[in-house]
Amino acid sequence: MLFASARAAALSAGLGRRAASTIASKYSSAVFSAALKSSPQTLTKVQSELNAIQAAVKATPALDAFINNPTLTNQDRQAGLVALYAAAGKEPSEITKNLFVVLSENGRLVESAGVIEGFNELVAGYKGELNVTITSAAPLPKDVQTKLESILKQSQAAQQAKSLKITSKINSAVLGGVVVDFGDKTIDLSVASRVNKLNGLLSQSV
């Protein structure tokens, strides 16, 4: 049943589009355009810097708290950005620093993860790459994983891409089944999704 649903969804042209923050998308587009306008090499450099910053935030609770605290003073935000750059391992380019300065000044640092995700999607599209993420509540059996990957490789999107990268993630919140992200699109075959739909139907009938 899972494979039949996955095959039908993957091969269809109308994949569901992930709900993304409009604000984050605007910042993603702006930094992508600025980096690409400079040079393809700058685009690669900025991507590396943003991913290093994102990794540092995930690995450091204090930085995560800083990013998600909109009440900080301007002085605290400036100090936080210095710590953020240091944790990422090196002094970032002006494009990357300008992005975080603007996010900080506008009280939008909380959007950083979405901005970086959107930027990576734009870079992948520019390079003809398709990033696919398979999320399940527990590691999938090897035979299931292999068959699911085979189905995904047959999709129209995968056939059109120059390269395909498949990543597996574990998230207990999906309860069962899988959620497959194709770039900015999503195939939700999770138990959690079905439970939410059921709750919605029950709420409407009460």
Side-chain angles (χ1 to χ4, degrees), residues 1-21 24-25 28 44 47-48 50-61 63-64 67-68 87-89 111-204:
M1 183 65 178
L2 171 63
F3 292 127
S5 299
R7 183 183 298 276
L11 296 179
S12 74
L15 296 175
R17 185 170 293 272
R18 283 211 305 268
S21 163
S25 296
S28 298
T44 299
Q47 183 180 33
S48 176
L50 292 179
N51 288 336
I53 288 173
Q54 181 70 348
V57 171
K58 289 182 177 180
T60 312
L63 291 177
D64 183 68
I67 289 291
N68 289 285
E111 300 280 353
S112 297
V115 172
I116 295 172
E117 180 182 3
F119 178 86
N120 283 330
E121 290 173 357
L122 290 170
V123 173
Y126 167 73
K127 294 181 177 180
E129 302 170 347
L130 179 61
N131 295 320
V132 179
T133 302
I134 302 172
T135 304
S136 56
L140 296 174
K142 187 175 181 179
D143 61 327
V144 174
Q145 178 82 17
T146 300
K147 189 168 184 179
L148 184 56
E149 289 183 3
S150 177
I151 291 171
L152 293 172
K153 289 175 181 177
Q154 296 173 35
S155 70
Q156 183 178 5
Q159 294 293 325
Q160 293 175 345
K162 293 181 180 179
S163 63
L164 178 67
K165 179 182 178 182
I166 299 178
T167 304
S168 296
K169 291 185 178 180
I170 304 301
N171 183 352
S172 59
V174 303
L175 301 180
V178 295
V179 177
V180 182
D181 291 317
F182 275 68
D184 64 348
K185 302 175 180 68
T186 294
I187 302 171
D188 191 346
L189 304 176
S190 66
V191 172
S193 174
R194 297 172 204 164
V195 170
N196 289 336
K197 289 178 181 177
L198 177 59
N199 285 339
L201 291 172
L202 290 175
S203 297
Q204 294 173 14

Open item on the list: Set out, in order, the CA-CA distance, both residues' side-chain angles and the distance that settles side chain to side chain contact (heavy atoms under 4.5 Å, CB included) for Asp181 and Glu121, then state yes or no.
Closed with: CA-CA 11 Å; Asp181 291 317; Glu121 290 173 357; over 6 Å; no

Task: Which atom of Ser136 lies closest to which atom of Val178, heavy atoms considered - done: CB-CG1, 4.2 Å

- [ ] Start with the C-alpha distance between Ser28 and Leu122, add both sets of side-chain angles, then the distance that settles side chain to side chain contact (heavy atoms under 4.5 Å, CB included), and finish with yes or no.
- [x] CA-CA 8 Å; Ser28 298; Leu122 290 170; 4.2 Å; yes

Task: Gap separating the CG atom of Leu63 from the CD1 atom of Ile53, nearest 0.5 angstrom - done: 10.0 Å

- [ ] Side-chain contact test, heavy atoms from C-beta onward, threshold under 4.5 Å: evaluate it for Ile166 versus Lys153 and give yes or no.
- [x] yes

Open item on the list: Please find the pair of heavy atoms, one from Asp64 and one from Asn68, that lie closest to each other, and give the distance.
Closed with: O-ND2, 2.8 Å

- [ ] Would you name the heavy atoms of Ala137 and Gly176 that are closest together and state the gap between them?
- [x] CB-N, 4.1 Å

Task: Exercise: identify the closest heavy-atom pair between Ser112 and Ile67 - done: OG-CD1, 4.0 Å

Open item on the list: Taking Thr146's backbone N and O only, do any of them form a donor-acceptor pair with Ser150's side chain (distance below 3.5 Å, no angle check)?
Closed with: no

Open item on the list: Before you tell me yes or no, could you show the steps for Val132 and Glu149 under side chain to side chain contact (heavy atoms under 4.5 Å, CB included), namely the whole-Å CA-CA distance, both residues' side-chain angles and the distance that decides it to 0.1 Å?
Closed with: CA-CA 9 Å; Val132 179; Glu149 289 183 3; over 6 Å; no

TODO: Flag the pair Val179 / Lys169 as yes when at least one side-chain heavy-atom distance between them is below 4.5 Å, and no otherwise.
DONE: no

TODO: May I ask you to test the Lys127-Thr44 pair for a side-chain heavy-atom distance under 4.5 Å?
DONE: yes

Task: Spacing of Leu148 atom CG and Asp143 atom CG [to the nearest 0.5 Å] - done: 11.0 Å

